[in-house]
Amino acid sequence: MGMNVNNAVDKAYEDKTLAELADAPVAAIQGISEKMYQDFFKPRGIHTIRDLANWKFVLWAQGIVNLATTEEAPAVEEPAAEEAAAEEE
C-alpha cells in the first residue's frame, strides 16, 4: 500500500519517492516558502526535510506528545494521621 504525500509537498515534488523527499529542500514542504527557509531554517542549519525531522526541537516535541498519552497523574499523598489531627485542633 502506498502513501500519498501530495498534500504535504509542493507540486514539483509530488512524483518523488519518500527517500528523495527526505533529502529534498525543506521548502519542498507546502507552506514553507523560500523566504521562510532563508530567514528561519537556513540560519539554524536546517536545509532538508531530513534535517527538519531530526531537529532536536521537533524530536522533543514529538516525544512529549507521544508520551503524554501514557502519562499517569501523580499520586496525591494523604497527610499522615498525626498531621491531620493536629490541623483539626
Side-chain angles (χ1 to χ4, degrees):
M1 183 169 124
M3 179 176 165
N4 186 343
V5 295
N6 291 350
N7 292 329
V9 298
D10 287 339
K11 201 90 162 140
Y13 294 89
E14 289 181 355
D15 63 340
K16 304 296 182 196
T17 66
L18 294 175
E20 291 171 321
L21 287 173
D23 294 320
V26 72
I29 297 174
Q30 283 187 17
I32 299 180
S33 67
E34 183 63 27
K35 180 175 179 2
M36 188 183 299
Y37 164 70
Q38 292 293 333
D39 293 347
F40 182 81
F41 294 102
K42 185 177 181 180
R44 289 160 177 83
I46 301 168
H47 306 287
T48 67
I49 293 173
R50 184 183 311 279
D51 292 338
L52 177 59
N54 290 319
W55 192 31
K56 68 180 179 181
F57 299 109
V58 170
L59 295 173
W60 291 349
Q62 289 174 345
I64 290 167
V65 170
N66 289 332
L67 291 172
T69 61
T70 63
E71 183 177 36
E72 295 179 12
V76 178
E77 292 187 29
E78 295 293 326
E82 298 87 34
E83 292 175 12
E87 289 177 6
E88 290 177 5
E89 292 176 3

Practice item. For side-chain contact (heavy atoms from CB on, under 4.5 Å), just list the numbers for L67 and T70, CA-CA rounded to whole Å, side-chain angles, deciding distance to a tenth of an Å, and then say yes or no. Key: CA-CA 5 Å; L67 291 172; T70 63; 4.2 Å; yes

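The side-chain heavy atoms of V5 and L18, taken from C-beta on, include a pair separated by under 4.5 Å. The shortest distance between side-chain heavy atoms of F40 and K35 does not fall below 4.5 Å. With contacts defined as side-chain heavy-atom distances shorter than 4.5 Å, the pair R44/F41 does not qualify.
The nearest pair of heavy atoms linking Y37 to P43 is O-CD, 4.1 Å. Scanning all heavy atoms of the two residues, the minimum distance from T48 to D23 falls at CG2-O, 3.6 Å.
Checking side-chain atoms of Q30 against main-chain N and O of N6 turns up a donor-acceptor pair under 3.5 Å.
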Listing, residues 56-63 side-chain donor-acceptor contacts under 3.5 Å, not counting sequence neighbours, or none:
none

